[in-house]
Amino acid sequence: MTPSRDARFTDDLAAWFSSAARDLPWRRSRNGYAALVSEAMLQQTQVSRVIEKFSTFMERFPTVQSLANAEEQQVLAAWQGLGYYRRARHLHAAAKKIMTDYDGQVPRDVVQLRTLPGVGRYTAGAIASIVFSHPEPIVDGNVQRLLARLDARHSPPVEEIWIRAEQLVRVAEKPGVFNEAMMELGATICTPKSPRCDACPVAQHCSARKRKMQSEIPVPKAAPRQEHVHHHAVVVMRRNLLLVEQRPETGLWSNMWQVPTFESMTALSAQSLAEQLKFRVNDLTKRESFTHMTTHRRISFHVFAGRTRARRGHWLQIDDTGELPMSAAQRRILDLAQQWFATPV
DNA sequence: AATGCGGGGAC
DNA sequence: GTCCCAGCATT
């Protein structure tokens, strides 16, 4: 495609975006810190999910300094429900690095941005272009699909997509607007399935549309194998206190909290579970089961109730568990426990 | 180049 | 049920 055609494409896209842009919390006031937080949250996460979390996180940690000074557990707790909790740890570490290495100011260029934990090629380009108007390309899932369709390519190598994105952002009048508009179009019009080409502001530029092959792009990729595991969660109350434990510092839900949970490849009976637990438990009874899906696992949660005379471990009031970072599945278990507590069987 | 890492909305 | 999302770090 020639530069002039590219320029017409970017012009049409920008014109559409000026009237179609959604009113999103992080678009209200642009600054490096808000962009860093929102972009971290938006990694592999849909806009609607981030809207729920962004404002409360910003109120809790309004500045780079406040985030840098926070405890990691507080940051994780503020991230609860968003998933991919490593992002929260990286964001926390990034805030510390900004304080020590960048005088408290989010860096403006991609080279410096890339030195921050959790900031990769996409995030650096997004902040540099959207906040600081640098002509840096970005490629996310939306842009990848959109450019593949624009040029009628079934499975273009991602590196070629980056080159194409760079060509386009170079001729765009406002790089940040162009980048945001590309993602907005991908999220709202040029969707993975059933793209709404009739409503597309750049349909006349689209090679896939011209060849009626837009629905063949992108080609579906093979789903990753899922292993099936069983998590046996044990709700133990002593008077009004609940026994909780911290997960290991590696792997799934690392460093987060849970009621004592034992993982195994098969579902265990109450008796065999009792033998696996690190503490003595009486009257262990299976109460509920539910399935929790993650990207690589299908987890069957089996929720047991029991009693113990053991004293060791962390005991806290069930109402106070809100301070601890816990997975959505463990939150669900606490909800069940509270129901039992309210209406004992 | 593959893999691990969450959770939920859309279909 | 499946797909996929404003990706990144590690191996």
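Each chain gets a letter, A, B and so on, in the order the sequences are listed, and its residues count up from 1. Only heavy atoms go into these numbers, but all of them, side chains included; no hydrogens, no water, no symmetry mates.
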Inset, instruction - Could you pull out all residues at least two apart from Arg311(A) that satisfy side-chain contact (heavy atoms from CB on, under 4.5 Å)? - result: Arg238(A)
Legend entry - Between dG6(B) and dT10(C) - P atom distance, rounded Å: 15 Å
Legend entry - Interatomic distance at P, dA6(C) relative to dA10(B), whole Å: 12 Å
Would you classify [X] as touching base, sugar-phosphate or nothing, given that sugar-phosphate means primed atoms plus P, OP1 and OP2, and contacts are heavy atoms under 4.0 Å?
| X | result |
| --- | --- |
| Ile138(A) | nothing |
| Gly186(A) | nothing |
| Ala328(A) | sugar-phosphate |
| Arg247(A) | nothing |
| Ile127(A) | nothing |
| Trp26(A) | base |
| Ser327(A) | sugar-phosphate |
| Arg297(A) | sugar-phosphate |
| Arg89(A) | nothing |

Run the salt bridge (charged side-chain N to carboxylate O under 4.0 Å, His left out) test against [X] and tell me which residues pass, sequence neighbours left out.
| X | answer |
| --- | --- |
| Arg307(A) | Asp283(A) |
| Asp101(A) | Lys97(A) |
| Arg309(A) | none |
| Glu72(A) | Arg89(A) |

Examine the side chains of [X] and [Y] and answer whether a donor and an acceptor come within less than 3.5 Å of each other.
| X | Y | result |
| --- | --- | --- |
| Thr261(A) | Arg247(A) | no |
| Glu173(A) | Thr10(A) | no |
| His296(A) | Glu227(A) | no |

Inset, instruction - Identify the 5'-most and 3'-most nucleotides of DNA chain C with at least one atom closer than 4.0 Å to a non-hydrogen atom of chain A. - result: dG1(C) to dA9(C)
Inset, instruction - Any ring-ring contact (aromatic ring centres under 6.0 Å, His included) involving residues 90-130 of chain A? Give me the pairs, sequence neighbours left out, ordered by first then second residue. - result: none
Legend entry - ring-ring contact (aromatic ring centres under 6.0 Å, His included) pairs, two or more places apart, involving residues 26-51 of chain A: Trp26(A)-Phe54(A)
Legend entry - Pairwise 5' ranking along DNA chain C for Lys193(A) and Ala187(A), keeping only the more 5' one: Lys193(A)
Legend entry - Of Leu42(A) and Arg114(A), the one whose closest DNA chain C nucleotide lies more 5': Leu42(A)
Inset, instruction - Could you identify which residues cluster with Val219(A), counting Ile, Leu, Val, Met, Phe, Trp and Tyr as linked when any side-chain heavy atoms lie under 4.5 Å apart, either directly or through a chain of such contacts? - result: none
Inset, instruction - Tell me whether the guanidinium CZ or amine NZ of Arg332(A) lies under 6.0 angstrom from the six-membered ring centre of Phe290(A) and within 45° of its axis. - result: yes
Legend entry - Covered region of DNA chain B, 5' end to 3' end, by chain A [heavy atoms, under 4.0 Å]: dG4(B) to dG9(B)
Inset, instruction - Specify the residues of residues 48-62 of chain A, ordered by number, for which at least one heavy atom lies under 4.0 angstrom from an atom of DNA chain B. - result: Arg49(A)
Legend entry - Within residues 117-124 of chain A: residues closer than 4.0 Å to DNA chain C (heavy atoms): Pro117(A), Gly118(A), Val119(A), Gly120(A), Arg121(A), Tyr122(A), Thr123(A)
Legend entry - 5'-most by nearest nucleotide on DNA chain B - Met293(A) or Ser194(A): Met293(A)
Inset, instruction - Kindly indicate whether the side chain of Leu316(A), heavy atoms from C-beta on, has any atom under 4.5 Å from the side chain of Val244(A). - result: yes
Inset, instruction - May I ask you to test the Pro325(A)-Trp257(A) pair for a side-chain heavy-atom distance under 4.5 Å? - result: yes
